[in-house]
Structure formats: C-alpha cells, structure tokens
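The structure appears right after this line, and notes come after that.
Quick caveat: nothing in here was measured; it's all calculated off a predicted structure. Letters go in sequence order (proteins before strands), and every chain restarts at 1.
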Amino acid sequence: MTGLHAEPEVAPSVPKSRLRMRDLLTEAAAGMLQRPARSVLTALGTVLGVGTFVAVLGLTATATGQIDERFNELTATEIGVDDTGGTNAAMLPLAFTPDADARVRALNGVTGAGVYWPVRLPTGATVRAAPVGRDAGGQPVQVVGASAGLLPAAGATFAEGRAWDTFHDSRAEQVAVIGEGTAARLGITTLETQPAVFIGDVPFTVVGILADTERKADLLLSVLIPRTTAEKIWGPPEDGKRAAMLVTTELGAARQVADEAPYALRPDHPDYFTTIPPPDPRTLRDNVTSDLGTLFLLLAGICLVIGAVGIANTTLVAVMERTGEIGLRRALGARGRHIAGQFLAESAALGALGGLVGTSLGTIAVVTTSAARAWTPVVHPATVAAAPAIGLLTGLLAGLYPSWRASRIEPVEALRR
Amino acid sequence: MSPVIAFHGVGLTYPGPPPVPALLPVDLRVERGEFVTIVGPSGSGKSTFLNVAGLLDRPSSGRYVLDGVDTGALKDAERTAVRGSRIGFVFQAFHLLAHRGALENVELGMLYGGLPRRERAERARAALVRVGLGHRLHALPTTLSGGERQRVAIARALAPRPALLLCDEPTGNLDTATAADVLDLLDELHAAGMTVMLITHDPQVAARGTRTLTIRDGLLTEQAYA
C-alpha cells in the first residue's frame with residue numbers, strides 16, 4: 001500500500017456544503033413558480049381552511065358585537081332596588097324613607113331615582129273620569145304611587161302638562177299623571193278642560209299626560225299619584241306587592257351604585273333591600289361565543305386538515321416527479337438536509353400564501369356579511385395576525401413527510417432516470 | 001503533486017445473497033491533466049465505476065484518494081462537499097432544470113459551495129462563454145438544441161472549478177455531428193489543462209482520450225477495447 005503510491009496524505013478536513021437561507025428561499029420560490037397552476041391548486045386547501053377560520057372568528061365576534069349592542073346603554077345604567085323588609089317584613093310594609101330619592105341621589109354616579117308601588121285599592125274601586133259613569137272600558141287600571149323622582153328617572157316625556165314635584169308629594173296633593181292610552185280610554189283628550197279622574201271615590205286633578213317613557217313602559221298604562229297621597233289615603237303597600245325603586249346611573253357606575261344603595265337608603269338596616277344590577281355584558285358575550293364558535297372552529301380545523309393533506313399529497317407527487325432534479329442537486333453537492341429544506345420551504349411558503357389569501361377572503365366575507373346585515377364588522381387583530389401563521393404551520397407540517405422522503409432519495413438511483 | 005484519482009485496490013461487491021462483484025479490486029492512478037476514457041459494453045460495470053469514482057457510491061474494499069483527500073475516512077456530509085467541489089458531472093441526459101435559464105442552470109452547480117451570489121453569476125457567465133454559449137445566457141433548455149444543452153451542462157460542471165470532469169456517455173443522446181462538437185469541446189478543455197474522465201460504450205468516442213481503459217465484467221484493465 002505504501003512505497004508505490006506515495007502521494008501526500010491530506011487529513012480529511014473538508015468544509016461541508018452549505019446553502020444560504022436566501023438561496024434556499026430563491027430555490028423554493030422557483031420550485032413553486034415552475035408550476036404556478038398546480039401551486040395555486042395546492043394552496044387552495046389552506047385558503048379554504050384559513051378563510052373559514054377567519055370568517056368564523058370574525059362573524060362570531062361581529063354577531064357578539066350585535067348582542068352587545070342590544071345590551072345597550074339603557075339596560076347598563078338601570079338598577080332595581082326591591083323593598084323586601086328583611087326579617088321585619090311583616091312589621092314594616094314600607095322600608096323606603098320619605099327622603100329615599102334624595103338619599104340615593106347623593107351617591108356618586110346616580111342620575112335619577114324614584115320609589116313606586118302599586119296602590120292597594122279597596123275591592124270594587126275603579127278609575128273613572130267622572131264620579132259616576134263609565135270606567136276605563138272595564139279593564140282595571142293600575143294605580144301607582146310614586147315619588148317625584150320616578151318619572152324623570154324613567155325618562156318620561158309628556159304629551160301635555162307636567163309631572164308633579166316634591167311640593168305635591170310633600171303636601172300629599174291629589175294630583176295624577178296618566179298615560180296617553182289610559183287617558184284616551186277615560187275620554188280625556190286635553191288638559192285645557194282641567195279634567196279629573198276618580199280613583200274609587202277620590203278625585204285627582206290630572207296634571208300631565210305621558211307621551212312615552214324610556215324605561216318602565218308599563219307606567220304608560222297606569223295612573224300615577226304621589227306616594228305620600230297614596231300612603232295617606234290607601235295606606236302602605238300590601239304584602240306581596242311591596243315598593244321598589246328605579247335608580248339610573250352614569251355608564252359604568254351601575255354595579256358600584258347597586259352595592260352602595262341599600263346602605264344609603266337605610267344605614268341601620270341595609271338588609272331590608274335587595275338590588276338588581278344590570279347583567280354583566282361579559283357573561284352575556286361568553287355564553288353566545290361558546291355556543292357558536294366551537295362548532296365552526298371545528299369545521300375550520302377540518303378544512304385545514306384537508307388543506308394539509310392536499311399540500312402533502314401534491315408535494316409528495318412533486319418529489320417523485322423531480323427525482324432527477326434531486327439526484328442532480330445531490331451530485332452537485334447538496335446534502336440531504338438541503339433537499340429536505342427546499343421542499344419544506346416550498347410547502348411552508350404555499351401554506352403561508354394560502355393563509356394570506358384565506359385571511360383576505362375571510363375578512364372580505366365578514367365585511368360583506370356585515371354590510372348586508374348593516375352590522376358593525378368586528379375582526380380581532382390577533383385573528384388576522386395568527387391566520388397566515390396557521391397557514392405556514394399547516395404547510396410546514398404537511399411538507400415534513402415528503403421532504404423527508406426527498407432527502408432519502410439516493411443520487412445513484414435518481415440519476416439513472 | 002498528488003494524482004487526481006488514486007485507487008488502491010478499490011472494488012465494490014454488492015452484498016447478496018448471492019454477493020455480486022460489480023467492480024473487481026483495482027489499482028488506478030489518473031494524473032492531473034489526463035484525458036482518460038473508459039470503454040465497455042453495457043453491464044460491464046461502467047456505471048459502478050462511475051458511481052465509485054464520482055463519490056456517489058462507497059467502495060466495499062480498498063482506498064480511494066481523490067485530489068489528495070482520502071475519501072474512505074469522510075463522513076457522508078464531507079463526501080457530499082468533496083463531490084460538489086472537486087467533481088464536475090456531465091450526464092448523458094444533461095439533467096438541466098427545464099424551467100430555468102442557461103445561466104441559472106450553470107449557477108446551480110455552485111449553489112451548495114458557499115460562494116457569494118455575485119461571484120456565482122460571474123463564474124456562470126464566464127463558463128457559458130467558455131463553452132461558446134455567451135449569446136444564449138438566458139435561453140431555457142427547451143429552446144436549446146441537444147448539443148447546446150450538453151454545453152450548458154458542461155459549463156455547469158466547469159463553473160465550480162473542479163479537479164475532475166467526469167462525463168457519463170456525454171454524447172449518448174446526440175447525433176454524430178453534434179457529438180463531435182461536444183467531444184471537440186472536451187478536447188479543448190483538456191488542452192487547457194482540465195483532467196477529464198469519459199465513460200462510454202463507443203470505442204470511437206473512447207479513442208478521443210489520451211489514455212483508454214477497458215472495463216469488462218467488472219474488471220478494469222489498461223488494454224485497448226477489443
């Protein structure tokens with residue numbers, strides 16, 4: 001072995017082949033562009049999957065946004081305070097003090113407050129427009145005793161006249177405000193004749209006719225009289241129909257006020273009241289989202305899997321087709337990992353491209369649907385940002401097996417073709 | 001100066017059963033600047049010899065020193081690098097990428113060598129000019145004639161400046177006139193100092209070499225083809 005061939009022995013310290021990232025990407029791009037139609041078809045699965053993903057999340061967010069809108073400013077700023085009387089209910093028919101309105105109004109964030117209860121009329125007592133004669137069409141009319149703060153808090157607007165005020169309330173004046181519908185049934189069309197209504201046998205001067213209210217629409221069908229008048233003539237509320245209070249607040253103050261109101265009303269016995277705060281919009285939204293989202297996200301997931309299988313299949317076919325090219329590249333010094341990297345980059349790029357297009361189409365779908373329904377389109381930025389990444393990941397996963405296969409192709413076999 | 005190829009008892013037997021001796025152990029030296037042709041009928045072991053000499057396959061016995069590097073001790077990644085940098089392959093089927101222009105196909109020969117992009121482009125252009133295709137730098141292989149395609153392939157093999165140009169039936173797919181042109185080009189390259197090894201079944205082609213080896217039934221000998 002020696003002697004005859006005495007060439008200098010070089011220690012094998014050979015620099016390994018390398019492929020720059022930029023070259024890898026160029027090769028991958030060229031690989032995709034050499035069959036543009038097929039690349040488009042390959043990416044279609046990811047387009048559908050990611051598109052569905054974005055559309056589902058966007059439409060869910062949009063629909064939730066609409067439900068939030070129904071949960072509007074009015075409900076978000078309304079609190080009910082119920083007089084329960086606590087353990088002393090039997091002894092205490094009315095726990096609201098005469099200055100209850102002022103006590104609650106003093107709380108920060110409160111814009112209006114009023115106490116009301118359905119007046120307990122003696123049996124057979126009806127509401128009529130004259131001492132004798134017809135009543136309101138046979139239907140019993142609800143008589144409500146209310147503090148001066150109730151009508152402003154309910155956002156009442158008047159067709160004619162005005163509400164009574166604290167003056168009437170404190171003096172227990174016999175004045176009444178009636179809803180427009182009730183007025184018509186009683187035959188009262190104008191206040192110019194200074195009409196009166198008779199509740200049982202007690203006459204009340206009508207000072208105002210309600211046109212509308214923002215809250216407590218049932219007031220429109222009632223006859224409203226000052227609470228002190230009601231208490232003086234017919235006594236406090238009966239058991240089972242106890243008084244309640246309507247409190248309106250600034251936006252965002254409702255839950256805070258709901259906690260504070262019982263203490264403001266009766267520092268000695270806050271347990272006499274229960275408050276009904278507005279529903280928490282977040283719970284509302286969660287309920288809706290969980291119903292709709294899961295099913296459709298599953299659907300989007302299935303689309304993505306189909307897309308991934310599509311990419312895997314096409315890439316595998318491409319690997320088989322390009323066996324000669326793979327062999328050539330190996331002969332030119334490419335290592336198995338360079339080949340794998342190239343095919344992986346191709347499938348990942350196809351996935352990312354599909355993801356981008358899918359994101360665009362999904363967003364367009366959300367906007368179009370919203371436009372058709374006159375909704376406000378809502379797409380979370382994270383959705384838009386994540387979607388192309390999901391496409392990329394899909395492509396990457398789909399390319400793993402074909403790339404591995406490509407890297408295992410023996411150059412000797414490949415070049416024989 | 002070390003020889004380009006030094007075989008010390010290099011042979012390849014495919015493990016059986018039964019074991020198939022495709023290349024019988026042989027000693028061979030190819031000096032720098034030689035134009036060696038290897039001729040043999042099909043099934044004689046030409047392909048096996050090409051695969052071993054081209055580092056596409058490992059010999060099962062002996063020691064192969066290529067351009068001063070003992071290839072037996074190399075790991076796969078290193079063999080790949082040596083193959084890419086020291087050997088320029090020219091195939092019968094050209095193996096050009098159909099969707100890439102001539103220049104890009106030639107650049108592909110240097111893709112894995114770590115050369116900067118700009119230098120790859122310059123060398124590729126020079127190599128194409130060298131094989132007489134300076135006017136068709138951006139032509140797609142489909143628009144080139146067979147002879148032109150093989151010239152592009154030769155340019156691709158030359159561009160990385162290999163120690164050895166290893167040609168496997170380079171004229172097998174060409175008509176006689178075009179084949180003569182390609183062989184003239186190889187002659188020129190040899191005259192300019194390139195070490196060329198050409199494997200063929202055609203004695204007339206083999207006669208173009210300065211030294212002709214015969215392979216038959218896996219046995220490589222220094223005899224003229226008979």
- Item | 4.5 Å side-chain heavy-atom contact, B/E107 and B/L103 |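 In short, these two side chains touch, coming nearer than 4.5 Å.
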- Below 4.5 Å, heavy atoms only, C-beta onward: do A/W404 and A/L400 meet side chain to side chain?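 Of all side-chain heavy-atom pairs linking A/L400 with A/W404, none is under 4.5 Å.
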- Task: May I ask you to name which of B/R83, B/R79, B/M110 has the most heavy-atom pairs under 4.5 Å with chain A?
- Result: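 Ranked by heavy-atom pairs under 4.5 Å with chain A, first place is B/R83.
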- Engaged part of B/L97 at the chain A interface, taking heavy atoms whose separation is under 4.5 Å: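 Only the side chain of B/L97 comes within 4.5 Å of chain A.
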- Of the backbone (N, CA, C, O) and the side chain (C-beta and beyond), which part of B/L115 lies under 4.5 Å from a heavy atom of chain A, both, or neither?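 The backbone, not the side chain.
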- Task: Would you name the heavy atoms of A/G362 and A/V54 that are closest together and state the gap between them?
- Result: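 Smallest interatomic distance, heavy atoms only, reads C-CG1, 3.9 Å.
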- Item | Exercise: identify the closest heavy-atom pair between B/L55 and B/V82 |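 Looks like CD1-CG1, 3.5 Å.
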- Message: At a heavy-atom distance under 4.5 Å, which candidate from A/P411, A/G336, A/G333 has the highest pair count against chain B?
- Response: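 The residue among A/P411, A/G336, A/G333 with the greatest pair count is A/G333.
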- Message: Looking at chain B, which one of A/E325, A/R35, A/R322, A/R329 has the largest number of heavy-atom pairs inside 4.5 Å, strictly under?
- Response: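 Max contact count across the listed options: A/R329.
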- Query: Once the angle between the rings of B/F91 and B/H95 is folded into 0 to 90°, is it parallel (under 30°), tilted (30 to 60°) or perpendicular (over 60°)?
  - Reply: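 B/F91 and B/H95: perpendicular rings.
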- Message: side chain to side chain contact (heavy atoms under 4.5 Å, CB included), that's the test. Do B/S2 and B/R32 meet it? Break it down for me.
- Response: CA-CA 8 Å; B/S2 61; B/R32 211 160 291 273; 4.1 Å; yes
- Task: With chain A as the partner chain, list the residues of residues 140-162 of chain B whose heavy atoms fall under 4.5 Å from it, by residue number, and write 'none' if nothing qualifies.
- Result: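 Residues in range: B/R156.
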- Task: Answer yes when A/E410 and A/R330 have at least one side-chain N-carboxylate O distance shorter than 4.0 Å, and no when they do not.
- Result: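 Looking at A/R330 together with A/E410, the answer is no, because their closest N to O distance does not fall below 4.0 Å.
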- Query: Where does A/R18 contact chain B at under 4.5 Å (heavy atoms): side chain, backbone, both or neither?
  - Reply: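 Contact with chain B is through both the backbone and side chain of A/R18.
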- Task: Output, in order, the C-alpha distance, side-chain angles, deciding distance and verdict of salt bridge (Lys or Arg N to Asp or Glu O under 4.0 Å) for A/E27 and A/R20.
- Result: CA-CA 11 Å; A/E27 289 301 307; A/R20 289 154 203 262; over 6 Å; no
- Query: Between A/T62 and A/R373, does any side-chain donor sit less than 3.5 Å from a side-chain acceptor?
  - Reply: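 No, A/R373 and A/T62 have no side-chain donor paired with an acceptor closer than 3.5 Å.
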